[in-house]
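What follows is a set of notes on a single structure, which appears directly below.
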Amino acid sequence: MRSNLKMRGVFLAYDHGLEHGPTDFNEKNVSPQYILDIAKAAEVDALIMLKGDARAFYRRELGIPLILKLNGKTDLYKGEPFSTQNTSVQEAVKLGAAAVGYTIYFGSRYEKYMIREFGKIEEEAHSIGLPVVLWSYPRGQSIKNDESPDIVAYAARAAFELGADIVKLKYPSDDSNLNWIVKSAVATRVFLAGGKKLDEGNLEERLTKAAEAGFSGMAVGRNIWQSDSPVDRIRKIKEIFK
Ligand code: FBP
């Protein structure tokens, strides 16, 4: 099987309905169809969805590669973070996905379970030629500052050690040596996560620095579909990482 996932550019994330609940949404973006329309108009490089959205709305004919997220959790339980698999590599293939995604909360007391589950997914996906994207999020009681540059670099390296093709990372609080994060990830492509909506200037400044340091792209949700001009925003980000 040959994946059509590009290893650069903008991936549009829409798994927030599970991760945060509808609190992130308004009348428009509460519908997955709105997200698909944006993705199509802006020619995003990939769309990230959970199986519920993908089954109901995604069609291969759209020509947008799908990254099916295989695990997830809600924001309702406030204990140590632990995200478990809710669907499979086989389901990703059935839905026409170009890649699979998985989150590990490194530093959580449950990291060993997520590392083990991810290991199996990574081997199965790679055995059939599907790339693997890791949301590498240090989090939990042992992590004092998940934005410290050392912790973000550790998250990048852990993704490489575990065989991820692409790692999605938070922007560090000190961005004076972003290239160290890219170097730490070795052959794993580094993408930036979005976070809460930023004003356009701040976002552009971050992205320009990240691109100069060797980041390959951005996997972003709220900064796009909560914006009044989502298609323009995607086009600008695509331009930065082209
Ligand atoms: P955003 O750009 O909206 O932050 O989306 C990126 C993402 O990784 C989503 O895939 C996920 O739902 C969300 O962030 C998780 O956010 P957090 O766990 O930090 O609240």
Side-chain angles (χ1 to χ4, degrees), residues 9-26 28-30 32 34-35 38-39 42 44-54 65-84 86-87 97 99-108 110-111 114 118 132-140 143 145-148 151-152 155-156 159 164 166-173 190-200 202-204 206-207 210 215 217-227 230 233-234 236-238 240-241:
V10 183
F11 298 170
L12 187 58
Y14 190 68
D15 56 342
H16 305 63
L18 180 68
E19 297 289 334
H20 300 159
T23 176
D24 282 345
F25 301 149
N26 61 25
K28 280 189 192 165
N29 58 34
V30 71
Y34 179 71
I35 308 303
I38 295 171
V44 288
D45 298 295
L47 188 61
I48 298 162
M49 285 184 153
L50 292 162
K51 68 177 173 186
D53 307 75
L66 170 70
I67 300 170
L68 189 72
K69 189 79 199 307
L70 302 192
N71 71 337
K73 65 164 188 57
T74 71
D75 197 29
L76 299 171
Y77 174 67
K78 304 295 180 192
E80 279 287 275
F82 185 20
S83 185
T84 51
N86 56 56
T87 188
V100 293
Y102 189 96
T103 300
I104 298 181
Y105 297 109
F106 290 106
S108 158
Y110 301 117
E111 70 162 24
M114 292 175 273
F118 177 75
V132 177
V133 183
L134 183 65
W135 279 231
S136 191
Y137 288 177
R139 203 173 280 184
I143 304 295
N145 176 7
D146 67 342
E147 291 177 355
S148 102
I151 292 288
V152 178
I166 292 177
V167 62
K168 181 175 176 190
L169 299 169
K170 295 262 152 108
Y171 197 78
S173 50
V190 181
F191 275 57
L192 203 63
K196 287 199 178 124
K197 192 162 151 252
L198 297 170
D199 75 54
E200 207 164 337
N202 283 347
L203 184 66
E204 212 170 308
R206 272 188 181 194
L207 294 178
F215 280 58
M218 185 178 201
V220 57
R222 288 163 286 179
N223 271 286
I224 301 299
W225 43 255
Q226 286 180 348
S227 145
R233 272 205 165 189
I234 292 175
K236 279 188 191 144
I237 303 174
K238 278 187 86 159
I240 294 173
F241 287 105

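On a predicted model such as this, the values are computed, not experimentally measured, just so you know. Order of appearance sets the numbers: ligands from 1, and atoms from 1 within every ligand.
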[Y] and [X], any side-chain heavy atoms less than 4.5 Å apart:
{"X": "Ile237", "Y": "Ile224", "value": "yes"}
{"X": "Arg233", "Y": "Leu203", "value": "yes"}
{"X": "Pro81", "Y": "Tyr137", "value": "no"}
{"X": "Asp15", "Y": "Trp135", "value": "yes"}

Element-labelled atoms of ligand 1 that are located less than 4.0 Å from some non-hydrogen atom of [X]:
{"X": "Gly194", "answer": "2 (O), 4 (O)"}
{"X": "Lys170", "answer": "19 (O)"}
{"X": "His20", "answer": "15 (C), 16 (O), 17 (P), 20 (O)"}
{"X": "Glu19", "answer": "12 (O)"}
{"X": "Ala13", "answer": "10 (O)"}
{"X": "Lys168", "answer": "6 (C), 7 (C), 8 (O), 9 (C), 10 (O)"}

* To do: Using heavy-atom distances, let me know which of Gly221, Ala193, Gly195 sits nearest atom 4 (O) of ligand 1.
  => Gly195

Would you check whether [X] has a nitrogen or oxygen atom less than 3.5 angstrom from a nitrogen or oxygen atom of ligand 1?
{"X": "Lys196", "result": "no"}
{"X": "Tyr105", "result": "no"}
{"X": "Ala219", "result": "no"}

* Would you find a donor on one side and an acceptor on the other, under 3.5 Å apart, between the side chain of Asp75 and the backbone of Glu19? -> no

* Taking Asn71 for its side chain and Asn86 for its backbone only, find out whether a donor-acceptor pair lies under 3.5 Å. => no

* Does a donor on one side chain and an acceptor on the other come within less than 3.5 Å for Lys69 and Thr103? -> yes

* Structure fact -> At under 4.0 Å between heavy atoms, what of Lys73 touches ligand 1? The answer is neither

Looking only at protein heavy atoms, which one is nearest to [atom], and what is the separation?
{"atom": "atom 9 (C) of ligand 1", "result": "Asp15 OD1, 3.1 Å"}
{"atom": "atom 18 (O) of ligand 1", "result": "Arg139 NH1, 3.0 Å"}
{"atom": "atom 5 (O) of ligand 1", "result": "His16 NE2, 3.0 Å"}

* Structure fact -> Closest heavy-atom pair, His16 versus Trp225, reported as atoms and distance to 0.1 Å, is ND1-CZ2, 3.3 Å

* To do: Over all heavy atoms of both residues, which pair between Ser148 and Ser173 is shortest? Give the atoms and the distance, please.
  => CA-OG, 4.0 Å

* Please confirm whether Val220 comes under 4.0 Å of ligand 1, counting heavy atoms of the residue only. => yes

* To do: Report yes or no: does a heavy atom of Tyr137 sit under 4.0 Å from some atom of ligand 1?
  => yes

* To do: Let me see the working for Phe11 and Asp45 under side-chain contact (heavy atoms from CB on, under 4.5 Å), right down to the final yes or no.
  => CA-CA 6 Å; Phe11 298 170; Asp45 298 295; 4.0 Å; yes

